[in-house]
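When reading the values below, keep in mind they use all heavy atoms of this one structure, side chains included, and skip hydrogens, waters and symmetry mates. Throughout, protein chains are lettered first and strands after them, A, B, ... in sequence-line order, and every chain is numbered starting at 1.
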2 protein chains.
Amino acid sequence: MAIRFSDVLASMKGSDLGPLLALTAQPDIISFAGGLPAPQTFPLKELTEVAIKVREEDGAGAMQYGPSLGFMGLRQAIADRMNRMYQPMGMYKVDPKNIMIVTGSQQGLDITGRVFLNKGDVVVCESPTYLGAIGAFDFEQPNYVEIPTDDDGIIPEELEKVLSTNDKVKFIYVIPNYQNPSGRCMSLERRKKFMEIVTKYEIPVFEDNPYGDLRFEGEEIAPLITMDPKHLVMYSGTFSKTLAPGMRLAWMVLNDELLPKFDLVKGSTDLATPSVTQREAAMYMTNYDFDGHIRENCKLYGHRRDVMCNAIKKYFPSDVKCTYPHGGLFLWVELPEGCNARDLFKYALERKVAYVPGDSFFPQTKKKNYFRLNFSYNDDDVIEEGVKRLADALKAYLADQK
Amino acid sequence: MAIRFSDVLASMKGSDLGPLLALTAQPDIISFAGGLPAPQTFPLKELTEVAIKVREEDGAGAMQYGPSLGFMGLRQAIADRMNRMYQPMGMYKVDPKNIMIVTGSQQGLDITGRVFLNKGDVVVCESPTYLGAIGAFDFEQPNYVEIPTDDDGIIPEELEKVLSTNDKVKFIYVIPNYQNPSGRCMSLERRKKFMEIVTKYEIPVFEDNPYGDLRFEGEEIAPLITMDPKHLVMYSGTFSKTLAPGMRLAWMVLNDELLPKFDLVKGSTDLATPSVTQREAAMYMTNYDFDGHIRENCKLYGHRRDVMCNAIKKYFPSDVKCTYPHGGLFLWVELPEGCNARDLFKYALERKVAYVPGDSFFPQTKKKNYFRLNFSYNDDDVIEEGVKRLADALKAYLADQK
């Protein structure tokens, strides 16, 4: 059969992570590789109540085609919450008309790539950055410029160097809160400098904020959209980490110029996000204590972060460093220079424990001596046991390096 | 603000149909423009029962991330139904592993475009064809070759002329059953010839079958996938016309070579279709009489087809022709040569009735003297009144042409 694919598909091998992580699906392996919320956080009782009520009160609407930008009741509830949280921090008032509902934030990333990128255009991102974003943008065959980061996030001077010299930059992709994979936060001061530079060069910014609500400690830091006089920020929020990823609901805030372009792509991509799940989420937000629910999630995840960090302190060799995230789902481990987290993976797999090797989070530099751990999904004893196994793997691997 | 879009987005104006059809949203306008199922067909009682049961029995699965190809329970239920219906007609046994769940058949169209098309490649389609498919493929900037059709569908000799001379053809897009917009069926004899030619030239075929289940009269005609020794057919089915479009659930059957390519795009596009709606549909298919439900829908839609066709016979001028569909949601009206359904639209709007002008269904030839009517959505008296208004508009328009 002589199937001829498009050039981009023919050239695309797909991530080699897939086959690697498929190895971790055996039940006796402790996996820190995923990014799954803990299933006990799903508010099933409430989600059953809204499922019934939505079908009773608005069944015809819930089961019918809906507008491509989304169900206005949900867009309104999201705008209300964002305005309540972020207007006091300086955000302009978000109009629900500027909110587009997407089928998970992954869809927002995919649409963004299609709206902006020609082959060879440049996406500026943090080093490291979220591999799912790279996966979406890759379909447009851009180049990436990674901006160096430290514990306070992206380094503004390095960003300005790029923006002042590279005219192929179409947008910047950043995760300011509890970043995936590093778990780090961009500091307030850095955010201000970042937005000054962005505003000067008038470059759109994709602010990916899936983890902002999952704060265990420290002050809340204002998102970039609160410092955005020119409305350059395309803000992305999601229900996947705070309510239920299986509903595939997320949203973007888009200015008046961007909105119709995104809408055009969204409509041709899947017509609209399901009417029924949108109504369920809207009713949940309106009738239940969403913020209280999120606080409960944070308690659980903060505790699990502690369990993992304490176990790491106890068992890991001292020359292996790791971040201490104040929120989110992930922490980031740095091996000594010259080490390779892919090689280590074999040692880990032998000991029935898994993680995501870090090179996939560096689209340009492909650094080898990092890996990502998830602390949200597993129970305490599983985390402790997994970290112990990983420490064994680390020791064996490091000994073999000498 | 200096936003620079991708070339394809910058060049894309979006359909001029949007603003046109927005005019029809006023409540006093009778619209035959949409393609909406009748809301009274939604089995709300059953869909509430499955919503409760899914959350009770598999809440953690329903609310968690799921595999990009879809929930195996749904893929299995779909494969079982297809095998039961089409294996007796000659279809190879479909393995559930070859079924990919998509967020509405629109997503299948979008992914197909991305998998196959480079700029300037050729999509072969029926003349006329579904405008939503064109909308999806357009993002890859292909050219279209329309194959002439008659009451029995695509004319095989014309297809062979194209395939034997044009080596830019990447795939063929067809809707054999109760076609959108024409309401016509491809005859069994034509299907056989079509598949002989396709098999000879080894060109993949997108068989879009959203309406096959909505048969009011006549024998069921075997789908193309039953005549497909080389597995060239990418079959697309949907729950949008038989269960509820607000759930956004559809599927594709893909051979072993295509499946991983489609999976790669699907995963980067929205990770996966919602876990929760997939489980609801699977449970509905397994625990309820889906086929009986569809038979009830057919009674209603067949009746409404009769109401519309009888009113047309009664009121329309005799030089206006229209199809008599044996199933589906649409019928297709042909005006005398030289007429323009866009000009007629103003006359219709003055009389508070609307339809979709036909030129948008001809990606290449843009023929002006057709329009599409939907008969599934409106009640009997509304259909009768709308056709009367449309007949007035037609008479006034035709008189002005003389």
Side-chain angles (χ1 to χ4, degrees), chain A residues 1-7 9 12 14 36 39 42 44 47-48 51-52 55-56 59-66 103-104 106-107 110 114-118 135-136 138-140 170 202 204 230 232 244-248 257-258 260-261 264-265 267-277, chain B residues 1-7 9 12 14 36-37 39 42 44 47-48 51-52 55-56 59-60 62-66 103-104 106-107 110 114-118 135-136 138-140 170 202 204 230 232 244-248 257-258 260-261 264-265 267-277:
Chain A
M1 180 171 173
I3 297 180
R4 292 170 302 157
F5 296 108
S6 63
D7 291 343
L9 257 286
M12 212 170 245
L36 305 188
F42 305 147
L44 282 173
L47 289 175
T48 307
I52 296 168
R55 283 159 182 77
E56 273 174 10
M63 295 304 160
Q64 192 56 278
Y65 287 108
T103 313
Q106 186 70 29
Q107 187 176 60
D110 181 55
R114 297 173 84 169
V115 164
F116 285 103
L117 299 175
N118 296 321
D138 270 354
F139 280 95
E140 314 309 324
K170 284 293 188 72
E202 296 193 325
K230 291 189 177 167
L232 291 160
M247 297 176 80
R248 312 298 309 119
E257 186 179 357
L258 292 171
K261 298 287 184 184
L264 192 62
V265 183
S268 292
T269 296
D270 67 359
L271 292 187
T273 294
S275 307
V276 58
T277 48
Chain B
M1 180 173 172
I3 298 180
R4 293 169 302 157
F5 297 108
S6 63
D7 292 342
L9 257 285
M12 213 170 244
L36 304 188
F42 304 147
L44 282 174
L47 289 176
T48 307
I52 296 168
R55 283 158 182 78
E56 275 175 7
M63 295 304 160
Q64 192 56 279
Y65 288 107
T103 313
Q106 186 70 31
Q107 187 175 60
D110 182 54
R114 297 173 83 169
V115 164
F116 286 102
L117 299 175
N118 295 321
D138 270 354
F139 280 94
E140 315 308 324
K170 283 294 187 72
E202 296 193 324
K230 290 189 178 169
L232 292 161
M247 296 175 80
R248 311 298 308 116
E257 186 180 359
L258 292 171
K261 299 286 185 184
L264 193 61
V265 183
S268 292
T269 295
D270 66 359
L271 292 187
T273 294
S275 309
V276 57
T277 47

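A donor-acceptor pair under 3.5 Å links the side-chain atoms of B/R248 to the main chain of A/D270, judged by distance alone. Without hydrogens or angle criteria, B/S6 side chain to A/V115 main chain gives a donor-acceptor distance under 3.5 Å.
Side-chain atoms of A/F116 and B/I3, non-hydrogen and from C-beta on, do get closer than 4.5 Å to each other. Between B/F5 and A/L258, some side-chain heavy-atom pair lies under the 4.5 Å cut-off.
Taken to the nearest 0.5 Å, the CG atom of A/L44 stands 8.5 Å off from the CZ atom of B/R55. Here CE of B/M247 is found 11.0 Å from OG of A/S275. Values are rounded to the nearest 0.5 Å. Here B/L264 contributes atom CG and A/F139 contributes atom CZ; the two are 4.5 Å apart, rounded to the nearest 0.5 Å.
For the set A/K170, A/Q107, A/Q106, the entry with the most heavy-atom pairs within less than 4.5 Å of chain B is A/Q106. If you tally non-hydrogen atom pairs under 4.5 Å between each of B/T277, B/V265, B/D138 and chain A, the highest count goes to B/V265. Between chain A and the options B/T48, B/V276, B/T269, the largest number of non-hydrogen pairs under 4.5 Å is found for B/T269. Your options are A/S268, A/A244, A/G66, and the one with the most heavy-atom pairs under 4.5 Å with chain B is A/S268. When each of A/P245, A/A272, A/G267 is checked for heavy-atom pairs under 4.5 Å with chain B, A/P245 comes out on top.
In terms of heavy-atom proximity, A/M12 sits nearest to B/K261 at O-NZ, 4.0 Å.
For B/L117, the part lying under 4.5 angstrom from a heavy atom of chain A is the backbone only. For B/F42, the part lying near chain A is the side chain, with the backbone staying farther off; criterion is any non-hydrogen pair under 4.5 Å. Contact of B/E140 with chain A is made through the side chain alone, with heavy-atom distances under 4.5 Å. For B/A136, the parts sitting under 4.5 Å from any heavy atom of chain A are the backbone and the side chain alike. Only the backbone of A/A62 comes within contact range of chain B, with heavy atoms under 4.5 Å apart.
For A/E202 and B/R4, the salt-bridge test fails: no basic side-chain N is under 4.0 Å from an acidic carboxylate O.
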